[in-house]
**Q** 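One structure, as structure tokens, below. Some questions next.
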Amino acid sequence: MTKTPTSRVDRLLGSMGYGSRAEMARMAKAGGILLDGADLTDVSRRIAVTPDLPSRMEIDGEPLDPVQGLVILLNKPLGMTCSHKEEGALVYDILPGRWRRRDPAISTIGRLDKQTSGLLLLTDDGDLLHRVISPKRHVAKVYRAGLARPLTGTEGALFASGELVLEGEDKPLAPAVLEVVSPTEALLTVTEGRYHQVRRMFAAVGNHVETLHRERLGGLTLPADLAPGQWRLLTPEEIALIFD
Ligand code: URA
């Protein structure tokens, strides 16, 4: 059985971005930290870091943020970049500000282009991140692409062939599945995550992607009630669906 980790309260809250040790000591003194309904005044106290802590601990009248191992499902809006440090609007701006200071840091699981919308996962769990993006796992990603020109009918066979080599690359793409929705709209399922892969695949057949939206990752589908810019935490059952 794995042992439940313990942590000093000030260290735990610091690693969750709430503030420095001195700030946590001040907050506790002012009655801002409750554990199981009682004032927690000694922030040097060690407590067990269990997943139920957010339901037992309050910080300034709010439930504690999720403890380490969180997985966030975001409906990425257009115009935001999947980067910690680029200029302009970043997907991290959507999350609570203190989450930028969490250690381990929260990162996107793979990336979507600035002008791609849809299902994006973020996590502080490095093992999970690597399992999802590992080429060995072949996690399927389903994209809905809006195209500038009508499909010719030959794209599906080429994408499925495992022989398409993208410009500037040597290694052919793994087979991908094209499902035609209308002459200028298609669903494309890929198992790799090469740079601008979907846009470059359609460029390789003389077309141009005008809109791109990720709908599914493994067995996890973007819920219809999650509007662009909205996010929520995934349950362990939903996380397992990624590898279905
Ligand atoms: N393929 C692309 O071209 N862009 C994305 O954002 C994702 C897949």
Side-chain angles (χ1 to χ4, degrees), residues 71-95 106-123 128-149 151 155-156 158-181 184-223 226-231 242-243:
V71 184
I72 300 156
L73 169 65
L74 168 70
N75 185 351
K76 179 191 172 293
L78 295 173
M80 293 194 126
T81 307
C82 295
S83 161
H84 280 289
K85 44 181 188 281
E86 274 173 52
E87 292 285 301
L90 309 178
V91 289
Y92 300 100
D93 298 340
I94 293 174
L95 304 175
I106 294 173
S107 301
T108 63
I109 301 184
R111 288 179 172 211
L112 291 178
D113 301 336
K114 189 172 178 181
Q115 291 310 336
T116 301
S117 57
L119 191 162
L120 181 69
L121 299 183
L122 301 97
T123 190
L128 175 75
L129 188 151
H130 287 111
R131 274 191 290 137
V132 178
I133 64 173
S134 164
K136 290 189 202 125
R137 294 258 176 182
H138 308 288
V139 174
K141 292 159 267 263
V142 182
Y143 294 89
R144 184 176 292 269
L147 303 166
R149 287 175 275 284
L151 292 156
E155 299 86 350
L158 179 62
F159 291 170
S161 69
E163 287 172 10
L164 176 61
V165 179
L166 292 176
E167 202 173 307
E169 296 191 5
D170 308 319
K171 193 171 169 255
L173 290 174
V177 177
L178 184 78
E179 194 186 317
V180 177
V181 178
T184 54
E185 187 174 76
L187 291 171
L188 182 61
T189 303
V190 301
T191 56
E192 297 169 291
R194 300 202 203 178
Y195 183 66
H196 290 172
Q197 181 168 339
V198 175
R199 294 176 200 275
R200 290 165 72 209
M201 287 173 76
F202 282 104
V205 292
N207 214 323
H208 177 74
V209 171
E210 289 191 323
T211 58
L212 192 58
H213 180 78
R214 183 154 70 188
E215 296 195 341
R216 195 149 61 78
L217 184 71
L220 184 71
T221 302
L222 186 68
L226 198 69
Q230 285 188 335
W231 61 272
I242 301 168
F243 302 104

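Whatever order the structure lists ligands and atoms in, that order sets their numbers, starting from 1. What's counted below: heavy atoms across the whole structure, side chains too, no hydrogens, waters or symmetry copies.
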**Q** Nearest protein heavy atom to atom 4 (N) of ligand 1, by residue and atom, and its distance?
**A** Asp113 OD2, 2.7 Å
**Q** Check whether any side-chain heavy atom of Glu210 sits under 4.5 Å from a side-chain heavy atom of Thr184, and report yes or no.
**A** no
**Q** Mind checking whether Val177 and Phe159 have side chains closer than 4.5 Å, heavy atoms only?
**A** no
**Q** Is there a polar contact, in the sense of an N or O pair closer than 3.5 Å, between Arg200 and ligand 1?
**A** no
**Q** Atoms of ligand 1 less than 4.0 Å from Thr116 heavy atoms?
**A** 4 (N), 5 (C), 6 (O)
**Q** Identify the two heavy atoms, one from Tyr92 and one from Ser107, that lie closest to each other, and give their separation to 0.1 Å.
**A** OH-CA, 3.3 Å
**Q** Please identify which of these residues, Lys76, His196, Arg199, meets the side chain to side chain donor-acceptor pair (under 3.5 Å) condition with Thr116.
**A** Arg199
**Q** Could you tell me whether some N/O pair between Arg199 and ligand 1 is separated by less than 3.5 angstrom?
**A** yes
**Q** Kindly indicate whether the side chain of Leu147, heavy atoms from C-beta on, has any atom under 4.5 Å from the side chain of Val209.
**A** yes
**Q** What do we get for Val209 next to ligand 1 when only non-hydrogen atoms under 4.0 Å count, side chain, backbone, both or neither?
**A** neither
**Q** Given side chains that start at C-beta, do those of Leu222 and Glu215 come closer than 4.5 Å, heavy atoms only?
**A** no
**Q** How close does the nearest protein non-hydrogen atom get to atom 1 (N) of ligand 1, and which residue and atom is it?
**A** Val198 N, 3.1 Å
**Q** Counting from 1, what ligand 1 atoms have a heavy atom of Tyr143 closer than 4.0 Å?
**A** 7 (C), 8 (C)
